[in-house]
Amino acid sequence: GWGIVAAGIATLLALTGPLELKERQTDSVRRDKFLLFRTMIFSLLFGGGIAWFIIMQSMSEAPWLVLLLTGLSCLAISFLGTVAAVLGYFIELEDMQEVEQIFTIWLIALPIFLPVTGLPQFLNIDASHPFGVGGWLSTYLVICSAASFAFALALRSRPTKNSLTRGLANLSVLLAWLFGICMLYGRYGVAGLDENYDVTHVLGLPASIVGTLAMSLFLLALEGESSGPDRSRMKRVSSHSTKPTKSLVGVTFANLTSSNWWVPPVAGTAAVFVVASLFAILLRGAGFLSIFGAGDVARSHEDVFSNVFGDKKTHDLATLAEKAVSHVKALATSAKLAGAGFWTAKDWLGPILHLVGITAVLPSLFLLVAQGWSPTSSLSSFVPLCIPLNLIPMVLSRGIPSLLAGAALGLVGGLVQVVTNRSAAHNSKMR
């Protein structure tokens with residue numbers, strides 16, 4: 001709870017004045033020389049406090065070395081992210097280049113602190129699964145995702161914006177979404193099967209599928225170059241400075257408007273389903289991925305039984321009965337996944353059929369995203385031809401839930417496209 005206390009104290013000091021986050025300007029002094037100092041103190045208390053609270057909630061029982069290295073890395077990432085977010089919201093638009101520099105430092109720090117956080121894993125120190133409950137990698141990704149999304153929200157909430165702020169905000173949204181997806185699939189895999197061979201379903205669907213749909217909401221925060229409500233005002237504000245207004249590290253979307261706002265979440269969801277399916281076929285069970293927990297997977301009934309029950313002498317009857325229910329679900333899920341991957345299947349027929357399923361799904365997903373992004377596309381005539389292809393994985397490639405979810409997305413999206421295209425054609429003839 002001390003992390004929340006520190007964050008509360010920082011908020012109170014910022015509201016009452018000692019750590020005022022706005023730039024103090026007087027007639028004699030135009031630049032506030034202590035703005036960065038106050039921001040750093042606030043970020044250390046607020047960002048560090050929130051990060052420490054998350055660390056203690058997820059890793060309180062971890063070995064001291066794991067907790068120490070993960071804590072230091074996460075505190076540094078949270079501190080830099082909070083500094084960038086505060087300055088990104090309060091600093092003047094003509095000084096936004098300073099925020100870009102801080103954000104660039106934050107980007108460089110991400111891959112630097114990652115091996116520091118995972119050092120105990122490389123030294124074979126007894127610790128939990130990297131993506132499991134209390135895992136060092138899942139905790140690190142949570143902090144990175146939260147810091148990135150906070151920076152994006154700070155830039156999106158600014159009263160004045162330009163291409164620089166939008167580019168940085170879009171990149172931060174994409175990073176937050178990517179970190180969340182990595183954490184989700186690292187924890188639950190492609191079928192909701194975690195490292196303890198417990199199968200997690202939400203509303204009858206694997207947790208990874210539902211989580212992917214939920215994570216896609218992050219992409220609604222993306223902003224196009226033509227979506228600003230006060231575009232003329234932003235041009236006038238930025239015209240007083242000769243500094244460049246485009247970000248060197250940001251991502252801009254010239255064609256993203258209020259009419260195709262749904263395309264980024266759909267495109268992101270489709271991409272995740274395809275990549276997850278390819279991973280299950282081509283890489284799941286590969287030995288070189290064992291450091292991240294992806295290589296040590298069940299390949300047979302005996303593997304599942306051993307991992308679920310362990311030593312039966314150490315469990316009472318009630319525990320064994322509870323594990324028996326979990327064993328049934330884990331066995332069915334593991335058998336389907338094992339038959340779909342080249343590294344785990346007994347023959348190549350299953351993996352090849354699933355590759356055919358991915359190939360059949362790709363056209364519909366591509367047309368859904370392409371026509372949504374550019375409604376004037378001439379590809380609309382191919383949509384009805386590609387819809388039946390989505391039935392192939394539903395019949396022949398049922399071992400990977402993400403592939404079935406991608407097929408369902410392509411099927412439903414294709415039907416919606418057909419209805420929309422016919423309605424548009426009918427309206428054009430009526431004119």
Enquirer: Given side chain to side chain contact (heavy atoms under 4.5 Å, CB included), test Val173 with Val251 step by step and report yes or no.
Expert: CA-CA 10 Å; Val173 170; Val251 178; over 6 Å; no

Enquirer: Relative to the ring of Trp373, is the ring of Phe253 parallel (under 30°), tilted (30 to 60°) or perpendicular (over 60°)?
Expert: perpendicular

Enquirer: Between Ala176 and Ser145, what is the shortest heavy-atom contact and its length?
Expert: O-OG, 3.0 Å

Enquirer: With no hydrogens and no angle check, is any side-chain donor or acceptor of Ser208 less than 3.5 Å from a backbone partner on Gly189?
Expert: yes

Enquirer: For Leu110, is there any backbone N or O sitting under 3.5 Å from a side-chain donor or acceptor partner on Tyr140?
Expert: yes

Enquirer: Are the side chain of Asn170 and the backbone of Leu222 linked by a donor-acceptor contact shorter than 3.5 Å?
Expert: no

Enquirer: To the nearest 0.5 Å, what is the distance between CD (Gln101) and CG (Leu87)?
Expert: 11.5 Å

Enquirer: Within the side chain of Trp52, is there an N or O that forms a donor-acceptor pair under 3.5 Å with the backbone of Trp2?
Expert: no

Enquirer: Kindly indicate, with the supporting measurements, whether the criterion side chain to side chain contact (heavy atoms under 4.5 Å, CB included) is fulfilled by Met394 and Leu411.
Expert: CA-CA 11 Å; Met394 294 183 176; Leu411 180 62; 4.0 Å; yes

Enquirer: Can you spot which of Leu45, Ile4, Ile55 makes a side chain to side chain contact (heavy atoms under 4.5 Å, CB included) with Ile50?
Expert: Ile4

Enquirer: Once rounded to the nearest 0.5 Å, what's the spacing between atom CG of Leu178 and atom SG of Cys144?
Expert: 11.0 Å

Enquirer: Between atom CZ of Phe218 and atom CG of Leu220, what is the distance when rounded to the nearest 0.5 Å?
Expert: 10.5 Å

Enquirer: Check whether any side-chain N or O of Ser364 sits under 3.5 Å from a backbone N or O of Cys386 as a donor-acceptor pair, and report yes or no.
Expert: yes

Enquirer: Can you give me the closest heavy-atom contact between Leu368 and Leu409, atom names plus distance?
Expert: CD2-O, 4.3 Å

Enquirer: Where is the tightest heavy-atom contact between Ile143 and Ala51, given as atom of each residue plus distance?
Expert: CD1-CA, 3.8 Å

Enquirer: Taking C-beta and beyond as the side chain, do Ile387 and Leu415 meet within less than 4.5 Å on heavy atoms?
Expert: yes

Enquirer: Do you know the tightest heavy-atom contact between Pro363 and Leu389?
Expert: CG-CD1, 4.4 Å

Enquirer: For the residue pair Arg398 and Lys336, what are the closest heavy atoms and their distance?
Expert: O-CD, 4.2 Å

Enquirer: How long is the span from the CG atom in Leu184 to the CG atom in Leu141, to the nearest 0.5 Å?
Expert: 11.0 Å

Enquirer: Is a side-chain donor or acceptor of Ser138 paired with a backbone partner of Gly135 at a separation under 3.5 angstrom?
Expert: yes

Enquirer: Taking the inter-plane angle between the rings of Phe342 and Trp348 on a 0 to 90° scale, is it parallel (under 30°), tilted (30 to 60°) or perpendicular (over 60°)?
Expert: perpendicular

Enquirer: Are the side chain of Ser216 and the backbone of Pro265 linked by a donor-acceptor contact shorter than 3.5 Å?
Expert: no

Enquirer: Using the side chain to side chain donor-acceptor pair (under 3.5 Å) rule, take Gln371 and Asn421 through it: C-alpha gap first, then chi angles, then the decisive distance, then the call.
Expert: CA-CA 10 Å; Gln371 190 175 5; Asn421 293 337; 2.6 Å; yes

Enquirer: Could you check whether any side-chain N or O of Thr70 sits under 3.5 Å from a backbone N or O of Val66, counting only pairs where one atom can act as donor and the other as acceptor?
Expert: yes

Enquirer: Apply side chain to side chain donor-acceptor pair (under 3.5 Å) to the pair Thr212 and Thr269, showing each step before the final yes or no.
Expert: CA-CA 6 Å; Thr212 301; Thr269 301; over 6 Å; no

Enquirer: Counting distance only, does the side-chain N/O of Ser78 pair as donor-acceptor with the main-chain N or O of Gly47 below 3.5 Å?
Expert: yes

Enquirer: Of all residues at least two apart in sequence or in a different chain, which pass the ring-ring contact (aromatic ring centres under 6.0 Å, His included) check with Phe273?
Expert: none

Enquirer: I'd like to check Thr11 versus Phe46 (side-chain heavy atoms, cut-off strictly below 4.5 Å). Are they in contact?
Expert: yes

Enquirer: Using 0.5 Å steps for rounding, measure from the CE atom of Met40 to the OG1 atom of Thr82.
Expert: 12.0 Å

Enquirer: For the pair Phe113 and Leu72, evaluate side chain to side chain contact (heavy atoms under 4.5 Å, CB included) and give the outcome as yes or no after the intermediate values.
Expert: CA-CA 9 Å; Phe113 283 108; Leu72 292 176; over 6 Å; no

Enquirer: Mind listing the closest non-hydrogen atom pair of Ser157 and Tyr89 along with its distance?
Expert: O-CE1, 3.4 Å

Enquirer: Is there a side chain to side chain contact (heavy atoms under 4.5 Å, CB included) between Val99 and Phe151 once you walk through the steps?
Expert: CA-CA 10 Å; Val99 177; Phe151 178 65; 3.7 Å; yes

Enquirer: Are Pro264 and Leu256 packed together at the side-chain level, in the sense that at least one heavy-atom pair is separated by less than 4.5 angstrom?
Expert: yes

Enquirer: Is there side-chain contact between Arg156 and Arg166, with heavy atoms separated by less than 4.5 Å?
Expert: no

Enquirer: So, Arg158 side chain and Gly88 main chain: donor-acceptor pair closer than 3.5 Å or not?
Expert: yes

Enquirer: Atom CD1 of Ile102 and atom CG of Leu107: how far apart are they, to the nearest 0.5 Å?
Expert: 12.5 Å

Enquirer: Quickly, which of Val83, Ile77, Leu75 forms a side chain to side chain contact (heavy atoms under 4.5 Å, CB included) with Phe79? Name it, please.
Expert: Val83

